[in-house]
K.L.:
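Pasting a structure below so you can have a look.
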Amino acid sequence: MKKSTKTTKNNLDERQEQALLKSESKGFWMTFWLLMIVIMAQMVLEPTGLLDKVPAMLPEWVVFMVMCVYMMVRCRRDNVWDRKLKPNFKTNLLLSLLAGVVVAALSFLMIYLPQREVIGSLIAASFGFVFTSGICLAALSIFAASYKKKRAQLEQEEAE
């Protein structure tokens with residue numbers, strides 16, 4: 001039986017690949033321990049009733065946001081974009097639209113399911129789609145331009 005040797009192009013050089021692997025490893029363990037702390041804190045605080053004052057999933061959301069910022073800072077510092085995706089407008093637009101669709105669907109469901117109001121749900125979904133797509137496209141475009149600038153600077157330094 002013949003094995004498939006399908007490989008996809010890796011956009012990272014060896015230094016970037018090592019930096020990304022290190023960031024991913026540290027990120028995984030930070031997430032693991034932060035979630036362990038959240039679980040233990042919830043177990044301790046549950047009988048006291050203090051968790052009733054905390055919105056549902058807030059601790060997990062905080063851990064998620066901490067990891068998003070951590071990976072963003074590390075990738076920017078190490079000038080790593082992505083293994084497979086290119087930092088161009090087409091990719092940024094597609095990813096922004098995808099994020100907008102996900103937020104629109106969640107917004108629609110969060111309003112429609114408890115209230116069964118179609119018009120209000122569609123309006124919320126529309127706003128969620130437009131704002132999320134716009135913010136994501138702007139952020140990705142800024143980071144892509146920054147990445148390209150630093151990449152060109154590093155390549156120029158290597159050439160000298």
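Source: prediction; values computed, not measured.
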K.L.:
Quick one: sort the W29 and F32 rings into parallel, tilted or perpendicular, breaks at 30° and 60°.
P.N.:
perpendicular
K.L.:
Run the ring pair (Phe, Tyr, Trp, His ring centres under 6.0 Å) test against F129 and tell me which residues pass, sequence neighbours left out.
P.N.:
none
K.L.:
Quick one: list whatever passes salt bridge (Lys or Arg N to Asp or Glu O under 4.0 Å) with E155, sequence neighbours left out.
P.N.:
R151
K.L.:
Which atoms form the tightest heavy-atom contact between A125 and F108, and what is the distance?
P.N.:
CB-CB, 4.0 Å
K.L.:
Using only atom types and a distance under 3.5 Å, with no angle test, would you say the side chain of E46 pairs donor to acceptor with the backbone of M43?
P.N.:
no
K.L.:
Is L85 reachable from L140 through a run of I, L, V, M, F, W or Y residues, each pair having side-chain heavy atoms under 4.5 Å apart?
P.N.:
yes
K.L.:
Starting from I111, walk the hydrophobic network (Ile, Leu, Val, Met, Phe, Trp, Tyr; side-chain heavy atoms closer than 4.5 Å) and list everyone else you reach, by chain and number.
P.N.:
none
K.L.:
Hey, does the side chain of D78 reach the backbone of V80 with a donor-acceptor pair shorter than 3.5 angstrom?
P.N.:
no
K.L.:
Please check if the side chain of E60 supplies one atom and the backbone of L35 the other of a donor-acceptor pair under 3.5 Å.
P.N.:
no
K.L.:
May I ask you to decide if G27's main-chain N or O and T31's side chain share a donor-acceptor pair within less than 3.5 Å?
P.N.:
yes
K.L.:
Counting only N and O atoms by type, is there a donor-acceptor contact under 3.5 Å from the side chain of N92 to the main-chain atoms of L137?
P.N.:
no
K.L.:
If you count every heavy atom of other residues, nucleotides or ligands that lies below 6.0 Å from K150 atom NZ, does the total exceed 12?
P.N.:
yes
K.L.:
If you group Ile, Leu, Val, Met, Phe, Trp and Tyr by side-chain heavy-atom gaps below 4.5 Å, do W81 and M71 land in one group?
P.N.:
no
K.L.:
Keeping the roles fixed (side chain from K148, backbone from P87), state whether a donor-acceptor pair exists under 3.5 Å.
P.N.:
yes
